[in-house]
There are 2 protein chains.
Amino acid sequence: MARKPGSRAEITGPRLRDAALRLFARDGYAAVSMRQIAAEVGVQAGAIYLYTADKQTLLFQLMQDHMDALLGAWADSTPPLGDARARLQHFARFHIRFHAARADAVFIAYMELRNLTPANFATVEALRKRYETELETILRAGQDEGTLAVPDTKLAAMALIAMLTGVNTWFREGGRLSRDRVEEIYVDMVLKAAGARA
Amino acid sequence: MARKPGSRAEITGPRLRDAALRLFARDGYAAVSMRQIAAEVGVQAGAIYLYTADKQTLLFQLMQDHMDALLGAWADSTPPLGDARARLQHFARFHIRFHAARADAVFIAYMELRNLTPANFATVEALRKRYETELETILRAGQDEGTLAVPDTKLAAMALIAMLTGVNTWFREGGRLSRDRVEEIYVDMVLKAAGARA
DNA sequence: GTCTATAATTGGATAGAC
DNA sequence: GTCTATCCAATTATAGAC
């Protein structure tokens, strides 16, 4: 049987994480075995434990990395100079684009929350809350400016994020509508829902 | 050990389904064992198979029953006589109330879709689609009447349902806002997002 | 760094007594 | 209708050879 020669640590680690991400997204954390993940990469089950402490840590790091990437990308995005209405539009576009590009990680990040240990859950939840706060800040500014009108800032933030993230449950490249057109339609609905001036 | 006397079939079946519903919602289908479900009800693992063919059928029937109940309750709800705008308001209220009352079933109905066999998935998916079509019908009527303005009927239906169902991820009785107030806020956002006349 | 082999546990499902 | 006992396959994780 084709035995692999020696050291490939630098690439085996990332490949294991990629395989875990894809399999967890497709079948669910509880339904995927360490053997499956190993087989996907072409190593034996035992070898996984050279790269992660255990299955729980593997899941946790996938989710933490995703949330870090999300917050990092948001921080790096250049918000428009205009009013809160323009910043909300920017947020909606950013959210859809970032999430569309990482469907597996997004799916895991909120389907597998209950499979985290309480300590790991708290860490991930804090990151998620930080992202939500970014949107709340925009909505509050719009309320103060008079460019947006939301009945409750916190609820509106959760409602808009739920609406935007929902795109991932059905969007497939090559469908009836292009990615850009979907983005346009959702941005329109988000602005309307937030009471943006026409 | 406390042995149970004979026949209790009429209540054991429903109790097993209730226990499965709660445990599946809390820990996920794949993470819950038949032994756990049995223990919750106070019977032995083997006894479950008197009430269900297997674990898959148990999950499928929970989901099918939920969707049947949803469509039945919607059919029984008396829509207002007015325009599509009023019917959309009625739909939003109905959706939030029905889903708030059955958080466990709702959670399962869309977290465990991937754990259904293809045949079972198709059945449940058809029921879900029927519900979505009910909302599409309202939105299309509003578009024709001029009381609503949505950029795309299908997308709007999915977006609004995602927003409304999102309530379940955070709402807990006794929080900052009452159930009625939350309902009011969401109805407001739904109507705005659908371009309802002010 | 990866392998084989295995420990220790748990899973779904069934058989047969009562 | 429920019990005990059990089959058989699969799980996570570790030990030790190479």
Side-chain angles (χ1 to χ4, degrees), chain A residues 1-24 26-63 108 112 114-117 119-120, chain B residues 1-24 26-63 108 112 114-117 119-120:
Chain A
M1 303 305 177
R3 280 216 194 157
K4 297 294 157 47
S7 175
R8 313 217 310 176
E10 290 81 19
I11 67 164
T12 303
R15 288 185 67 215
L16 281 168
R17 275 189 285 279
D18 283 356
L21 188 77
R22 199 158 31 79
L23 291 173
F24 286 168
R26 200 190 61 184
D27 301 331
Y29 173 76
V32 174
S33 72
M34 296 297 253
R35 279 178 176 79
Q36 272 179 274
I37 298 169
E40 198 79 3
V41 174
V43 301
Q44 293 296 318
I48 294 187
Y49 295 89
L50 295 169
Y51 304 96
T52 187
D54 51 25
K55 198 183 175 188
Q56 166 68 207
T57 304
L58 184 54
L59 174 64
F60 171 62
Q61 288 190 338
L62 290 175
M63 294 178 70
I108 290 172
E112 304 297 354
R114 63 181 163 191
N115 286 311
L116 292 173
T117 59
N120 287 343
Chain B
M1 303 300 181
R3 281 219 195 155
K4 295 295 158 44
S7 174
R8 312 216 310 175
E10 290 81 20
I11 67 164
T12 303
R15 287 184 67 216
L16 280 169
R17 275 189 284 280
D18 283 356
L21 189 77
R22 199 158 32 79
L23 291 173
F24 286 167
R26 200 190 61 185
D27 301 330
Y29 173 76
V32 174
S33 72
M34 296 298 253
R35 282 176 174 80
Q36 270 179 276
I37 298 168
E40 198 80 3
V41 174
V43 301
Q44 294 296 317
I48 293 187
Y49 294 88
L50 294 169
Y51 304 96
T52 187
D54 52 26
K55 198 185 177 188
Q56 166 70 206
T57 304
L58 183 55
L59 173 65
F60 171 62
Q61 287 190 338
L62 290 176
M63 294 178 71
I108 290 173
E112 305 296 355
R114 63 180 163 192
N115 286 310
L116 291 174
T117 59
N120 287 342

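Note: hydrogens, waters and symmetry copies are ignored here, and every other heavy atom, side chains too, is used. Keep in mind that what you see is a predicted model, and the values were worked out from it rather than measured. Chain naming here is simple, since letters A, B, ... match the order of the sequence lines and numbering starts at 1 in each.
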What nucleotide, of [options], holds the atom closest to the side chain of [X]?
X	options	result
A:Tyr51	C:dC3, C:dG1, C:dA13	C:dG1
A:Thr12	D:dT14, C:dT2, C:dA13	C:dT2
A:Gln44	C:dC3, D:dT2, D:dA13	C:dC3
A:Val43	C:dC3, C:dG12, D:dT11	C:dC3
B:Leu50	C:dA13, C:dC3, D:dG1	D:dG1
A:Ala47	D:dT14, C:dT14, C:dC3	C:dC3

To the nearest angstrom, how far is [X] atom [atom1] from [N] atom [atom2]?
X	N	atom1	atom2	answer
A:Ile37	D:dT11	CD1	P	11 Å
A:Asp27	D:dA10	CG	C1'	15 Å
B:Leu58	C:dG12	CG	P	11 Å
B:Met34	D:dA9	CE	C1'	16 Å
B:Ile48	C:dT14	CD1	P	12 Å
A:Ile11	C:dG1	CD1	P	12 Å
A:Tyr49	C:dA5	OH	C1'	15 Å
A:Gln56	D:dA13	CD	C1'	15 Å

Could you walk me through whether B:Ile48 and B:Thr52 pass the side chain to side chain contact (heavy atoms under 4.5 Å, CB included) check? CA-CA 6 Å; B:Ile48 293 187; B:Thr52 187; 3.7 Å; yes
Begin with the C-alpha distance, continue with both residues' side-chain angles, and end with the deciding distance and a verdict on side chain to side chain contact (heavy atoms under 4.5 Å, CB included) for B:Lys55 and B:Met34. CA-CA 7 Å; B:Lys55 198 185 177 188; B:Met34 296 298 253; 3.6 Å; yes
Between B:Arg15 and B:Glu40, does the salt bridge (charged side-chain N to carboxylate O under 4.0 Å, His left out) criterion hold? Intermediate values first, please. CA-CA 9 Å; B:Arg15 287 184 67 216; B:Glu40 198 80 3; over 6 Å; no
Kindly compute the distance separating CG (B:Leu21) from CG (B:Leu59), expressed to the nearest 0.5 Å.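 It comes to 10.0 Å.
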Rounded to the nearest 0.5 Å, what separation is found between the CE atom of A:Met63 and the CG atom of A:Leu116? 4.5 Å
Are any of B:Ser33's side-chain N or O atoms less than 4.0 Å away from OP1 or OP2 of C:dG11?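 Yes, B:Ser33 has a side-chain N/O under 4.0 Å of OP1/OP2 on C:dG11.
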